[in-house]
Amino acid sequence: MRPDKAKIQHSFAAAADSYDSVAGLQRQVGTALLVWLDAASLAGTVLDLGCGTGFLTGLLAAQPKVDSLIAVDIALTMLHTTLHKTAAQQRIRPVCADAEYLPFAGQSVDWVVSNLALQWCTNLGAVFSGIKQVLKPQGQLVFSTFGPQTLHELKSAWAGVDDHKHVNNFYSAQQIGVFLQQAGFTDIQLESTLYISHYGSVRELMQELKQLGAHHVIEGGNKRLTTKTAMQAMMAAYETFRTEGQIPASFEVIRVMANN
């Protein structure tokens, strides 16, 4: 099932103001990604793909051997927020673009780094092919993305209500590895980590997803209007996962590193 790109763009554009207040997981995953790739090794021109509100952008641009940082996002308001937050760093160049159609010259970038953004891409194979084209020889791609265990509790709760898709599917590490190989990447490293977030209620989880601009993941391409009765039934089913007074939500994060 492919995400609706126009809906994604609109959702993240609308979430620019509220994103940082609920993006704790995104910051945690981004920080871990920098440690994993050894940020001190970053050098030359770095492309932050799906920069969001610029948390990772600022950290990437601060690395001493980085000459320039290209911040790319599909949502213009996200880029405006990034520029405001990183105004003191002169090496950052913002570009509003779709990750599937990168507007850069071939072999012009040393690194492509992306934190929890590529899962919203319609055609992951095209994304990797495009990244490979803009990377210089021996350039590196490092990213994190959501895996198939993400929000499995929410999927299960909806499964007991109706047969419609309410939560988007995400590629597995194995599938991602195949796409990378087909695009021509080598020395591919993948690892998966399961993060568990906790909420007071299902409604609180849904509200956070909306503030992140990621609420389209709970719509899953379902074109039918979700009734109040169905929503209440889903929330009641989700209650079976409650432990120690909290509602859990799983987020499988896959970290990937590959050479051009």
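The ring-ring contact (aromatic ring centres under 6.0 Å, His included) search around Phe185 returns none, not counting sequence neighbours. The side-chain contact (heavy atoms from CB on, under 4.5 Å) search around Glu252 returns Pro148, Gln149, Thr150, Ser192, Leu194, Ile254, not counting sequence neighbours. Under the salt bridge (charged side-chain N to carboxylate O under 4.0 Å, His left out) criterion, Glu204 pairs with no residue at all, not counting sequence neighbours. With sequence neighbours left out, the side chain to side chain donor-acceptor pair (under 3.5 Å) criterion links Ser108 to no other residue.
Considering CG of Asn259 and CG of Leu141, their distance stands at 9.5 Å, rounded to 0.5 Å. Put simply, NZ on Lys155 and OG on Ser250 are 11.0 Å apart, with the number rounded to the nearest 0.5 Å. Expressed to the nearest 0.5 Å, how far SG of Cys121 lies from CZ of Phe179 amounts to 11.5 Å. For the atom pair Ser172 OG and Ile176 CD1, the distance stands at 7.0 Å (nearest 0.5 Å). Once rounded to the nearest 0.5 Å, the distance linking CG of Leu116 with CZ of Arg27 reads 12.0 Å. For the atom pair OG1 of Thr86 and CG of Leu59, the computed distance is 11.0 Å after rounding to the nearest 0.5 Å.
Side-chain contact of Tyr199 with Glu208: a donor-acceptor pair under 3.5 Å is present, judged by distance alone.
At a threshold of 4.5 Å between non-hydrogen side-chain atoms, the residues Leu118 and Leu124 count as touching. The closest side-chain heavy-atom distance from Thr45 to Ile70 is below 4.5 Å. Taking the side chain as every heavy atom from C-beta outward, Val29 and Tyr195 approach each other to under 4.5 Å. No side-chain heavy atom of Asp73 sits less than 4.5 Å from a side-chain heavy atom of Val95. Residues Thr145 and Val253 fail the side-chain proximity criterion, which asks for heavy atoms closer than 4.5 Å. Phe55 is not listed as a side-chain neighbour of Asn115, based on a closest heavy-atom distance of 4.5 Å or more. Using a 4.5 Å heavy-atom cutoff, the side chains of Val202 and Met234 are in contact. Considering only heavy atoms from C-beta on, Phe170 stays 4.5 Å or farther from Leu151 through its side chain.
Of all the heavy atoms in Leu56 and Gly30, the pair that sits closest is CD1-O, 3.7 Å. When every heavy atom of Cys51 is checked against every heavy atom of Ala71, the shortest pair comes out as SG-CB, 3.9 Å. The two residues Val161 and Ala230 have their closest heavy-atom pair at CG1-O, 3.8 Å. Nearest heavy atoms, Pro94 versus Leu79: CB-CD2, 4.1 Å.
A donor-acceptor pair under 3.5 Å links the side-chain atoms of Glu100 to the main chain of Asn123, judged by distance alone. A donor-acceptor contact shorter than 3.5 Å is absent between the side chain of Thr186 and the backbone of Ala258. Side chain of Gln246 to backbone of Glu244: no donor-acceptor contact under 3.5 angstrom is found.
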(message) One pair to check against side-chain contact (heavy atoms from CB on, under 4.5 Å): Leu69 and Arg93. What are the steps and the verdict?
(response) CA-CA 6 Å; Leu69 193 292; Arg93 177 159 60 99; over 6 Å; no
(request) Would you please test Ser156 and Tyr238 for side-chain contact (heavy atoms from CB on, under 4.5 Å) and show each step? (result) CA-CA 8 Å; Ser156 176; Tyr238 206 129; over 6 Å; no
(message) Val112 vs Val142, test: side-chain contact (heavy atoms from CB on, under 4.5 Å). Steps then yes/no.
(response) CA-CA 6 Å; Val112 173; Val142 183; over 6 Å; no
(request) Given side-chain contact (heavy atoms from CB on, under 4.5 Å), test Leu34 with Leu60 step by step and report yes or no. (result) CA-CA 8 Å; Leu34 285 181; Leu60 293 170; 3.5 Å; yes
Mind listing the side-chain donor-acceptor pairs of residues 36-43 below 3.5 Å, one per line with the distance, residues two or more places apart or on another chain?
| from | atom 1 | to | atom 2 | distance (Å) |
| --- | --- | --- | --- | --- |
| Trp36 | NE1 | Glu191 | OE1 | 3.4 |
| Ser41 | OG | Leu37 | O | 3.4 |
| Ser41 | OG | Asp38 | O | 2.6 |

Side-chain donor-acceptor distances from residues 130-138 under 3.5 Å, at least two apart:
| from | atom 1 | to | atom 2 | distance (Å) |
| --- | --- | --- | --- | --- |
| Lys132 | NZ | Asn260 | OD1 | 3.0 |
| Lys136 | NZ | Asp110 | OD2 | 3.4 |

